[in-house]
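I have placed the structure first, in the form of structure tokens, so that the comments after it can refer back to it.
Index from 1, following the sequence. As the structure lists them, so they are numbered: ligands from 1, and atoms in each ligand from 1.
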Amino acid sequence: SDHRLIYPSRPEDMDWSSLFPGFVADGQPDHEGAEAHDEASRSDEPETEPRRPRRLTKEVEVADIGCGFGGLLVALAPVMPDTLILGLEIRVQVTQFVQDKIRALRSQSRDDGARAYQNIACLRANAMKFLPNFFRKAQLAKMFICFPDPHFKTRKHKQRIVSATLNSEYAYVLRPGGVVYTITDVLDLHEWIVQHFEAHPSFARVPEPEQEADPCVALMRTETEEGKKVERVKGDKYVALFRRLEDPPW
Ligand code: SAM
């Protein structure tokens with residue numbers, strides 16, 4: 001539950017170096033394997049010398065909300081090799097699985113004399129609660145919400161990952177021109193998603209021709225674990241993309 005989730009009190013306090021050791025700025029130690037986000041909010045350290053988070057050469061610009069087993073992260077890594085992509089996942093063991101998978105892919109790539117998969121990482125977090133703790137305003141260029149839990153019953157709708165309140169948080173962390181990518185096999189949820197984003201003043205739906213021309217859309221359909229499951233049963237997949245609009249002048 002949330003009381004065991006660890007998160008920085010503000011984005012500047014987040015130490016990303018253990019998640020993206022290949023992007024630690026020169027001259028700073030590289031601590032692969034250490035749980036930086038653990039350290040970032042540890043309160044039992046002496047107050048006298050506040051720790052300064054190690055800096056990266058880049059910021060995270062793409063987030064996969066509820067990344068599950070990380071199929072999309074792995075597929076996106078070579079498509080955007082210079083972009084840092086973060087999966088957020090609430091389940092401990094699933095997060096661990098994805099972290100182990102990324103470590104293995106990096107090590108395999110190193111054995112091959114390359115440096116692939118340094119740009120993806122997975123963090124345990126409740127994306128419904130702490131996004132602005134991790135990302136500053138307008139930091140993200142893309143957010144993926146792939147096959148979110150449907151929470152079918154009306155009394156459970158408040159647990160859906162798309163809502164008026166959460167969309168305002170997504171608008172806050174996304175830069176103008178940035179895109180939220182959504183896909184689901186549940187028509188009712190797709191309609192809910194479209195209705196909530198279209199009702200939000202910061203978002204406009206991306207027209208279908210543009211949607212279909214976006215290479216990320218194909219990956220979302222075929223590379224997510226849920227997308228593969230739906231494929232096996234020949235189910236429908238409903239896609240909708242929403243662009244973050246410029247804020248109106250005051
Ligand atoms: N996106 C993946 C895919 O398409 O294969 C996984 C989809 S799975 C149905 C939904 C995932 O969202 C689960 O792994 C679940 O643990 C995660 N999740 C649910 N609520 C979450 C939250 N508040 N924050 C982060 N992850 C969450």
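- The line from OH of Y170 to OG of S202 is 14.0 Å long, rounded to the nearest 0.5 Å.
- Looking at I65 next to ligand 1, no N or O pair under 3.5 Å apart turns up.
- For ligand 1, the atoms closer than 4.0 angstrom to any heavy atom of G68 are 6 (C), 14 (O).
- Among protein heavy atoms, the minimum distance from atom 19 (C) of ligand 1 is reached at D149 OD2, 3.4 Å.
- The shortest contact between atom 23 (N) of ligand 1 and any protein heavy atom is with N126 OD1, 2.7 Å.
- With respect to atom 24 (N) of ligand 1, the closest heavy atom belonging to the protein is A127 N, 2.9 Å.
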Intermediate values then yes/no, side-chain hydrogen bond (donor to acceptor under 3.5 Å, both in side chains), S163 and H196: CA-CA 6 Å; S163 67; H196 282 79; over 6 Å; no

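- In this structure, atom 11 (C) of ligand 1 lies nearest to the protein heavy atom G66 O, 3.6 Å.
- With ligand atoms numbered from 1 in the order given, ligand 1 contributes 3 (C), 4 (O), 5 (O) to contacts under 4.0 Å with heavy atoms of T224.
- Looking only at protein heavy atoms, the nearest one to atom 17 (C) of ligand 1 is E89 OE1, 3.3 Å.
- K229 and E226 are joined by a salt bridge, as a carboxylate oxygen and a charged side-chain nitrogen come within less than 4.0 angstrom of each other.
- For the 3.5 Å distance criterion, the side chains of Y7 and N126 fail to qualify, holding no donor opposite an acceptor.
- Between R91 and ligand 1, at least one pair of N/O atoms sits closer than 3.5 Å.
- Ligand 1 has no nitrogen or oxygen under 3.5 angstrom from a nitrogen or oxygen of P148.
- Shortest contact from atom 26 (N) of ligand 1 to any protein heavy atom: I90 N, 3.2 Å.
- The existence of a salt bridge linking R175 and E246 is excluded, since no basic side-chain nitrogen approaches an acidic carboxylate oxygen closer than 4.0 Å.
- The shortest N/O to N/O separation between E226 and ligand 1 falls below 3.5 Å.
- Every heavy atom of G227 sits 4.0 Å or more from the atoms of ligand 1.
- Between R124 and T95, the side chains place no donor N or O within less than 3.5 Å of an acceptor N or O (distance only, hydrogens not considered).
- Using a cutoff of 4.0 Å between basic side-chain nitrogens and carboxylate oxygens, K153 and D188 are not scored as salt-bridged.
- Scanning the protein for heavy atoms near atom 25 (C) of ligand 1, the closest one is A125 O, 3.3 Å.
- Of the charged side-chain nitrogens involved, none lies within less than 4.0 Å of a carboxylate oxygen, so that D15 and R55 do not count as a salt-bridged pair.
- Taking any N or O of F147, backbone or side chain, none lies under 3.5 Å from an N or O belonging to ligand 1.
- Remark: distances from the non-hydrogen atoms of G71 to ligand 1 are all 4.0 Å or more.
- For E198, the side-chain hydrogen bond (donor to acceptor under 3.5 Å, both in side chains) criterion is met by no residue, not counting sequence neighbours.
- For the salt bridge (charged side-chain N to carboxylate O under 4.0 Å, His left out) test with R136, the passing option among E61, E59, E12 is E59; the others fail.
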